[in-house]
Participant: 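Structure provided below as C-alpha cells; questions to follow.
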2 protein chains.
Amino acid sequence: MEMKKDRRVLRTKTKIRDTFAKLIDQKGLDRVTVKDVTDHADINRGTFYLHYQDKYDLLEQSEDDLLEGIKRIAKELDTVNMKKWDSRREPHPAAEKYFSYLKEHSVFVKAVLGPKGDPGFQNKLKNLIATQIKMRLTDLSKEKLPIPSDYLIAYVVSAHLGVVQHWFEGGLKESPEEMADMLSNMNFYGPLAAGGLK
Amino acid sequence: MEMKKDRRVLRTKTKIRDTFAKLIDQKGLDRVTVKDVTDHADINRGTFYLHYQDKYDLLEQSEDDLLEGIKRIAKELDTVNMKKWDSRREPHPAAEKYFSYLKEHSVFVKAVLGPKGDPGFQNKLKNLIATQIKMRLTDLSKEKLPIPSDYLIAYVVSAHLGVVQHWFEGGLKESPEEMADMLSNMNFYGPLAAGGLK
DNA sequence: CAGATTAATCAACACCCTGTTGATTATCTT
DNA sequence: AAGATAATCAACAGGGTGTTGATTAATCTG
C-alpha cells in the first residue's frame with residue numbers, strides 16, 4: 001500500500017522525529033516549538049510543513065506509530081499460543097517482547113511518558129492495555145463482583161503503566177524478563193503479598 | 001504571615017484560576033494562552049502579569065495550593081489516631097476526607113489529571129502519596145523482598161492515581177467512602193482477589 | 001467621609017513563533 | 001541524462017508574549 005520510495009523524505013522525517021523526542025525530554029512538550037525542532041534537526045522550517053501540519057500532528061503520528069507496533073506484538077502472540085498458556089498465573093508470553101519493544105524506542109517513550117510528556121499518550125496506552133486485559137477476562141462483566149469491573153481494570157492498567165514509567169525513570173536497569181515477571185506477580189498475588197508484606 | 005487584604009486581588013486571582021481550570025478542561029493545557037484566560041475571565045491582559053509571571057507560574061501556584069491542602073489532611077490525621085488504627089486492613093481514616101477534598105476541587109483536579117492536563121502534576125501527586133505510604137511501611141527497605149520496594153511503591157501509587165482518574169472520568173458517581181473502601185481492598189487483597197477473580 | 005494607597009485598565013511597543021506562498025536549488029528515481 | 005520531486009530560501013500577515021507609562025477605579029485607613 002504505502003511506498004515511501006524517496007530516501008529524502010525518510011531522512012528528514014526520522015531526523016524530525018528523533019529531534020522531537022529529544023526536545024520533549026529536555027524542554028517538555030509544550031515548550032517545544034516547530035522552530036526548535038527544525039533548528040536542532042538542521043532543516044528548513046518550511047520543510048517541516050511539507051510533512052506535518054503542526055506540532056500536534058507530529059506528536060500524534062509518532063505516538064500512533066509506536067502504538068501500532070505494540071498492537072502488532074499483541075496480535076502476533078495472541079493468536080499463536082492462547083491455548084497452551086494457562087492464563088494469569090505466569091507472565092503472558094508477549095510481555096517480554098512488549099518490554100523489549102518499549103526499550104527499543106526508549107527515547108520517545110521516556111519523553112512522552114515522563115512528567116514533561118503527553119498525558120494523552122498515557123491514556124492511549126492505557127486503553128490499549130485495557131483492551132488486552134478485557135480479552136482475557138470475558139467472564140468479568142457477567143458475574144456480580146464485589147468491586148466494579150471498570151475500577152478493577154483502571155487499577156491494574158494504571159499500576160501497569162506506573163511500573164513502566166518507573167522502569168524508564170530508573171534508566172531501564174532491569175531486563176524485560178524481570179519486568180514481565182514482576183508485573184505478573186504483583187497483579188496476581190497483589191502488591192503487598194508479592195512484596196512479602198502480608 | 002500572609003495577609004491578602006485587598007479584595008480586588010482576591011477576586012481577580014480566583015477569576016483567573018477558575019477560568020484557567022475550565023479552559024484546561026476544554027482546550028487542553030498547551031492550547032490555553034494567557035490571552036484566552038484574560039479574555040474569558042473578562043480581565044485586562046496586563047492585570048494577569050501583575051499576579052503571575054506566565055502560564056506556567058499560574059499552573060504551578062494552582063497545583064501547589066491544591067497539594068498543600070492534601071498535605072494538610074494527611075498530617076492532620078496522621079498525628080491523631082495512628083495508634084488506634086490497625087494499619088493496612090481497613091481504609092485509612094484520612095482516605096475519605098482525602099477523596100472529599102478532591103471532589104471539592106473537582107474542576108481543577110479533573111482538568112489537570114485528565115488526558116489534556118499536566119503530567120507533572122500526576123508526578124507531584126504520586127510523590128505525595130508515595131511519601132505517605134512509605135511512612136506506614138518503614139520496615140520495607142530492611143527486609144529482603146522478592147520484589148524491589150521502589151517497584152512495589154510505584155505499582156500501588158500509580159494504581160491509586162488511576163483509580164482517582166477513573167473516578168473523575170466517570171463523573172464522581174461513587175461516594176468518597178466507597179472510593180476509600182474500594183482502593184483499600186484492592187491494595188490489600190490484590191486486584192484480582194478483591195474482584196472475586198481468583 | 002476624605003485622602004492616600006494600590007489595583008485594574010488601556011494603548012503601545014518590540015519580539016518571537018506560526019503557517020503559507022512563490023521561486024530557486026539540490027537530490028533522487030527511472 | 002532527463003524529468004520529477006523534495007528541500008531551501010525569503011517574505012508575508014497574523015497572533016501571542018511580556019513590558020512600559022499614563023490614566024482610571026476601587027479599596028483601605030484614620
Side-chain angles (χ1 to χ4, degrees), chain A residues 1-63 65 111-112 116-118 120, chain B residues 1-63 65 111-112 116-118 120:
Chain A
M1 294 293 108
E2 305 177 10
M3 21 205 300
K4 298 188 177 180
K5 37 188 174 184
D6 205 317
R7 290 173 293 172
R8 287 173 293 183
V9 322
L10 221 60
R11 270 203 309 253
T12 54
K13 280 186 119 178
T14 46
K15 252 200 291 186
I16 288 175
R17 293 202 183 191
D18 290 350
T19 307
F20 187 46
K22 285 175 196 162
L23 286 176
I24 293 175
D25 196 48
Q26 289 172 17
K27 311 179 57 175
L29 176 57
D30 14 345
R31 299 197 118 110
V32 175
T33 68
V34 172
K35 190 175 183 304
D36 270 333
V37 175
T38 54
D39 280 357
H40 285 80
D42 198 36
I43 275 179
N44 191 278
R45 194 167 60 87
T47 306
F48 178 93
Y49 294 102
L50 256 42
H51 301 289
Y52 303 101
Q53 288 186 356
D54 53 26
K55 184 176 80 169
Y56 302 104
D57 186 35
L58 168 59
L59 179 66
E60 200 178 323
Q61 289 194 33
S62 304
E63 290 179 350
D65 279 5
V112 294
K116 291 180 288 187
D118 176 23
Chain B
M1 292 294 109
E2 304 178 11
M3 21 206 300
K4 297 187 178 179
K5 36 189 174 183
D6 206 316
R7 289 172 293 170
R8 287 172 293 182
V9 322
L10 220 60
R11 267 203 311 254
T12 54
K13 280 186 118 177
T14 47
K15 252 199 291 185
I16 288 176
R17 293 201 183 191
D18 290 350
T19 307
F20 187 45
K22 286 174 195 161
L23 287 176
I24 293 175
D25 196 46
Q26 290 171 17
K27 312 178 56 175
L29 176 58
D30 11 344
R31 299 197 117 109
V32 175
T33 68
V34 171
K35 191 174 183 302
D36 270 334
V37 174
T38 55
D39 281 355
H40 284 80
D42 198 38
I43 275 180
N44 191 278
R45 194 166 62 86
T47 307
F48 178 92
Y49 295 101
L50 256 42
H51 301 288
Y52 303 100
Q53 288 186 356
D54 54 25
K55 184 175 82 169
Y56 302 103
D57 186 34
L58 167 59
L59 179 66
E60 200 177 324
Q61 288 195 32
S62 305
E63 289 178 350
D65 280 6
V112 294
K116 292 180 289 188
D118 175 24

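Chain identifiers are assigned alphabetically (A, B, ...) following the order of the sequence lines, protein sequences preceding nucleic acid strands; residue numbering begins at 1 within each chain. Scope of the values below: all heavy atoms of this structure, side chains included, with no hydrogens, waters or symmetry mates.
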Participant: Taking atom NE2 as the centre, does B:H51 end up with more than 12 heavy-atom neighbours from other residues, nucleotides or ligands that are less than 6.0 angstrom away?
Facilitator: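 Yes, the 6.0 Å shell around NE2 holds more than 12 heavy atoms from other groups.
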
Participant: Could you pick out which residue, B:K55 or A:K15, lies toward the 5' side of DNA chain D when each is mapped onto its nearest nucleotide?
Facilitator: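 Counting from the 5' end, the first nearest nucleotide belongs to A:K15.
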
Participant: With sequence neighbours left out, what residues match B:D57 under salt bridge (charged side-chain N to carboxylate O under 4.0 Å, His left out)?
Facilitator: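 So B:D57 forms no salt bridge (charged side-chain N to carboxylate O under 4.0 Å, His left out) with any residue.
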
Participant: Is A:T12 near enough to D:dA6 that one of its side-chain N or O atoms lies under 4.0 angstrom from OP1 or OP2?
Facilitator: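 So the side chain of A:T12 is outside the cut-off, no N or O lying under 4.0 Å from OP1 or OP2 of D:dA6.
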
Participant: Which atom pairs link the protein and nucleotides 2-5 of chain D when you take only N or O atoms and keep those under 3.5 Å?
Facilitator:
{"from": "D:dT5", "atom 1": "O2", "to": "A:R8", "atom 2": "NH1", "distance (Å)": "3.2"}
{"from": "D:dT5", "atom 1": "O2", "to": "A:R8", "atom 2": "NH2", "distance (Å)": "3.2"}

Participant: Could you tell me the separation between the CZ atom of B:R11 and the P atom of C:dT9, rounded to a whole number of Å?
Facilitator: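 Rounded to the whole Å, the gap is 10 Å.
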
Participant: Measure the distance from CZ on B:F48 to P on C:dT9 and round it to the nearest whole Å.
Facilitator: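 Checked: the CZ to P distance equals 14 Å.
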
Participant: Using OP1 and OP2 only, check whether a side-chain N or O of A:H51 sits under 4.0 Å from D:dA6.
Facilitator: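 For D:dA6, neither OP1 nor OP2 has a side-chain N or O of A:H51 closer than 4.0 Å.
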
Participant: According to a strict under-4.0 Å criterion, is A:R7 in side-chain N/O contact with OP1 or OP2 of C:dT29?
Facilitator: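 For C:dT29, OP1/OP2 do have a side-chain N/O of A:R7 under 4.0 Å.
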
Participant: Please report the interatomic distance CG(A:D30) to CG(B:D118), rounded to the nearest 0.5 Å.
Facilitator: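 The distance works out to 7.5 Å.
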
Participant: Whole-Å distance between D:dC12 P and A:Y49 OH?
Facilitator: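 Rounding to the nearest Å, OH of A:Y49 and P of D:dC12 are 18 Å apart.
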
Participant: Could you check B:T12, B:L59, B:L58 and say which one makes a side chain to side chain contact (heavy atoms under 4.5 Å, CB included) with B:R17?
Facilitator: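 With B:R17 as partner, B:T12, B:L59, B:L58 yield a single side chain to side chain contact (heavy atoms under 4.5 Å, CB included), made by B:L58.
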
Participant: Using atom types as modelled and distance alone, determine if a side-chain donor or acceptor of B:K55 lies under 3.5 Å from a backbone N or O of B:L29.
Facilitator: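 Between the backbone of B:L29 and the side chain of B:K55 there is a qualifying donor-acceptor contact (under 3.5 Å).
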
Participant: Kindly state which residues belonging to residues 24-47 of chain A come within less than 4.0 angstrom of DNA chain C, counting heavy atoms of the residue only, listed by number.
Facilitator: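 A:T33, A:V34, A:K35, A:R45, in order of number.
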
Participant: Whole Å only: how far is the CG atom of A:L50 from the P atom of C:dG19?
Facilitator: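 Spelled out: CG on A:L50 to P on C:dG19 is 14 Å.
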
Participant: With the side chain counted from C-beta on, respond yes when B:Y52 and B:K13 share a heavy-atom pair under 4.5 Å apart, and no when they do not.
Facilitator: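 Contact flag for B:Y52/B:K13 side chains = yes.
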
Participant: Under 3.5 Å, side chain of A:K116 to main-chain N/O of A:Q26, donor-acceptor pair present?
Facilitator: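 The answer is yes, because a donor-acceptor pair under 3.5 Å joins these two groups.
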
Participant: Looking at every non-hydrogen atom in both residues, tell me the closest pair between A:A21 and A:A111 and how far apart they are.
Facilitator: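 Shortest heavy-atom contact: O-CB, 3.6 Å.
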
Participant: Provide, to the nearest angstrom, the distance between the OH atom belonging to A:Y52 and the P atom belonging to C:dT18.
Facilitator: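 Computing the A:Y52:OH to C:dT18:P distance gives 16 Å.
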
Participant: Distance check needed: D:dA6 P versus A:I16 CD1, whole Å only.
Facilitator: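 So the two atoms are 13 Å apart, to the nearest Å.
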
Participant: For B:K27, does the NZ atom sit with more than 12 other heavy atoms under 6.0 Å from it, leaving out its own atoms?
Facilitator: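 Count over threshold, so yes.
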
